[in-house]
Enquirer: 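First, the structure itself, so that you have it in front of you.
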Number of protein chains: 2
Amino acid sequence: MLTAQTRSEATAARIIAAAKSLFVARNYSDVTTDMIAAAAEITKGGLYHHFASKEDLYLAMMLGDFEDKRRLFEQAVATPGTCRDRLAQLTRDYLELPHEERELTHLVRRDVNTFSGKERDSLISAYQKALPAQIETIINDGIRDEEVAACDARILAWSFVALVEVVIGQYAEVTLGNTEAQLEHVLGLFFGGVSITPKGEPA
Amino acid sequence: MLTAQTRSEATAARIIAAAKSLFVARNYSDVTTDMIAAAAEITKGGLYHHFASKEDLYLAMMLGDFEDKRRLFEQAVATPGTCRDRLAQLTRDYLELPHEERELTHLVRRDVNTFSGKERDSLISAYQKALPAQIETIINDGIRDEEVAACDARILAWSFVALVEVVIGQYAEVTLGNTEAQLEHVLGLFFGGVSITPKGEPA
DNA sequence: CCACCGACCGACTGACCGGTCGGTTTATAC
DNA sequence: GTATAAACCGACCGGTCAGTCGGTCGGTGG
């Protein structure tokens with residue numbers, strides 16, 4: 001028996017799911033509320049019953065996703081172990097997400113210019129907390145434990161994120177073949193670099 | 001004496017320059033032809049005399065920029081030396097570009113979804129030739145010369161590009177302080193990784 | 001000087017978009 | 001069964017945008 005509350009929640013979830021697919025595939029302005037409504041099999045009026053505006057829908061979608069991810073990734077942060085092992089766990093958790101869930105992570109950089117004020121700030125902040133800040137924590141521990149050479153952990157976190165984004169690109173995904181290969185590539189590059197003869201000097 | 005031809009070229013250049021500033025600061029759809037016209041101090045009708053469409057203007061801007069950059073970066077490719085030195089030169093050339101010129105490079109990834117068909121393909125192709133493909137050539141030489149561990153050079157090229165993009169972010173730019181520090185950071189990370197005790201295994 | 005043409009203008013067009021609103025439907029409580 | 005409120009509908013609205021068009025201006029050549 002579907003109650004009004006669960007009916008409403010189910011509809012809102014259906015709208016969010018439809019929005020996810022569309023916003024992953026197209027830039028913010030290229031996704032129309034008509035498209036989202038059609039994909040969610042509801043009218044635009046119905047859509048506006050649940051979300052105050054297009055922007056409100058987008059933010060709900062993104063902030064919800066980042067909160068899910070923050071919770072997922074904080075497990076790796078909380079796990080004792082080497083910096084490398086913890087980054088491995090976090091990255092594996094990320095790589096094993098469904099393709100679309102992974103792609104959502106990138107939308108901030110793509111779409112953030114379209115927003116301003118506190119909406120923009122909350123997007124950036126939620127992304128930061130979900131991913132880079134957690135990686136930074138792990139790297140800071142690595143620096144403290146002298147596993148990682150002393151360097152600005154935030155820059156290293158962003159560098160790590162950037163390297164992960166490369167291996168989930170289409171070409172790299174096909175070339176490397178599977179999640180473990182992607183993972184080993186990123187970790188190998190991040191920790192050991194590409195030089196055949198290590199120079200012995202910290203980064 | 002300004003001829004019609006040079007007058008026309010000057011106006012088109014003025015429009016392109018105005019477009020660059022605007023498209024760097026905002027996503028494609030958020031920049032209107034009215035804005036561009038106003039910034040170029042011309043009317044919209046005048047703007048449409050020079051460019052067939054907004055898309056035509058954007059493509060002219062981007063393809064022109066990528067051609068300039070392809071020429072700039074091919075000097076590093078053509079210079080004999082170690083992989084590291086040649087990457088250093090190319091990256092220094094890039095880092096020394098005016099801020100806006102550097103930012104233009106990223107617009108492809110941000111805006112490419114808005115385009116389709118041959119326009120999309122030509123954008124991607126021009127970007128590829130201007131930067132990643134040239135880096136890939138240098139890295140391939142590094143692999144051949146056994147300076148770089150054997151790995152897919154295209155993935156490494158994109159990884160290198162990704163690392164450079166991190167150090168030109170606002171935070172890293174301020175933290176690292178100057179172009180040489182940015183350069184050393186990227187090269188150190190790319191060639192040597194972050195591990196204090198090199199494992200001696202190739203990436 | 002005059003004719004011509006490219007460069008440019010400013011008013012205009014119509015498609016599209018985010019959002020609205022009066023009405024209908026559905027679920028629930030009494 | 002009835003009343004109510006939430007969920008939803010479909011037609012509508014008005015602002016915005018890319019692009020158009022008839023006209024003017026400026027430069028050039030005969």
Side-chain angles (χ1 to χ4, degrees), chain A residues 1-20 22-23 25-62 107 111 113-117 119-120 123, chain B residues 1-20 22-23 25-62 107 111 113-117 119-120 123:
Chain A
M1 198 69 216
L2 206 56
T3 68
Q5 190 176 8
T6 55
R7 180 183 174 217
S8 179
E9 284 168 358
T11 304
R14 205 169 75 232
I15 294 168
I16 292 272
K20 281 182 181 179
L22 289 165
F23 282 120
R26 301 159 194 269
N27 291 12
Y28 180 82
S29 300
D30 299 325
V31 177
T32 65
T33 52
D34 271 329
M35 284 180 195
I36 300 170
E41 295 181 324
I42 189 172
T43 63
K44 199 158 55 167
L47 188 151
Y48 275 94
H49 176 81
H50 292 270
F51 299 98
S53 62
K54 180 183 176 185
E55 187 167 292
D56 186 51
L57 165 56
Y58 184 90
L59 285 171
M61 175 187 84
M62 295 298 284
L107 301 201
D111 293 337
N113 276 340
T114 302
F115 298 84
S116 57
E119 284 80 19
R120 180 191 174 105
L123 260 183
Chain B
M1 198 71 217
L2 207 56
T3 69
Q5 189 176 9
T6 55
R7 181 176 172 223
S8 178
E9 284 167 359
T11 303
R14 204 170 77 231
I15 294 168
I16 293 273
K20 281 182 180 178
L22 289 165
F23 281 120
R26 300 158 195 269
N27 292 12
Y28 180 82
S29 300
D30 300 324
V31 177
T32 66
T33 52
D34 271 329
M35 284 181 198
I36 299 170
E41 295 179 326
I42 190 172
T43 63
K44 200 158 53 165
L47 186 152
Y48 276 94
H49 175 82
H50 292 270
F51 299 99
S53 62
K54 180 182 174 184
E55 186 167 293
D56 185 51
L57 165 56
Y58 184 90
L59 283 172
M61 174 187 86
M62 295 298 283
L107 301 201
D111 293 337
N113 276 341
T114 302
F115 299 83
S116 56
E119 284 80 19
R120 179 189 176 104
L123 260 183

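Predicted model, so just to flag it, every value in this text is computed and none were measured. Just so it is clear: chains get the letters A, B, ... in the order the sequence lines come, proteins before strands, and each one is counted from 1.
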Enquirer: Would a 4.5 Å heavy-atom cut-off, applied to side chains only, mark A:Y58 and A:T114 as touching?
Expert: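 Counting from C-beta outward, A:Y58 and A:T114 never come under 4.5 Å.
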
Enquirer: For the pair made of CD1 in B:I15 and P in C:dA7, what is the distance, rounded to whole Å?
Expert: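 Between P of C:dA7 and CD1 of B:I15: 11 Å.
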
Enquirer: Between C1' on D:dC17 and CZ on B:R26, what's the gap in Å once rounded to a whole number?
Expert: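 Computing the B:R26:CZ to D:dC17:C1' distance gives 15 Å.
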
Enquirer: Atom CG of B:L57 and atom C1' of D:dC17: how far apart are they, to the nearest Å?
Expert: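 Taking CG of B:L57 and C1' of D:dC17, I get 15 Å after rounding.
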
Enquirer: Can you measure A:R7 atom CZ to D:dA7 atom C1' for me and round it to whole angstrom units?
Expert: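 It works out to 5 Å between those atoms.
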
Enquirer: Any heavy-atom pair between the side chains of A:Y48 and A:T33 that's under 4.5 Å?
Expert: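 A:T33 vs A:Y48: side chains touch.
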
Enquirer: OP1, OP2 of D:dC17 versus side-chain N and O of B:T33: anything below 4.0 Å?
Expert: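 No, outside the criterion.
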
Enquirer: About how many Å separate CG of A:N27 and OH of B:Y28, when rounded to the nearest 0.5 Å?
Expert: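 The distance works out to 11.5 Å.
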
Enquirer: Between atom CZ in A:F115 and atom P in C:dG18, what is the gap in whole Å?
Expert: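 Distance check: A:F115 CZ to C:dG18 P gives 12 Å.
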
Enquirer: Which parts of residues 41-56 of chain A get close to DNA chain D, meaning a heavy atom less than 4.0 angstrom away?
Expert: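 Nucleic-acid contacts, sorted: A:I42, A:T43, A:G45, A:G46, A:H49, A:H50.
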
Enquirer: What is the distance from atom CG of B:L107 to atom CZ of B:F23, rounded to the nearest 0.5 Å?
Expert: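 With rounding to 0.5 Å, CG (B:L107) is 9.0 Å from CZ (B:F23).
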
Enquirer: Can you find a heavy atom in the side chain of B:I15 that is under 4.5 Å from one in the side chain of B:L57?
Expert: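 Yes, close enough: below the 4.5 Å cut-off.
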
Enquirer: Would you say that A:T11 contacts A:R14 through its side chain, given a criterion of any heavy-atom pair below 4.5 Å between the two side chains?
Expert: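 Yes, close enough: below the 4.5 Å cut-off.
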
Enquirer: To the nearest Å, how far apart are B:D30 CG and C:dC17 P?
Expert: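 Nearest whole value for this atom pair: 14 Å.
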
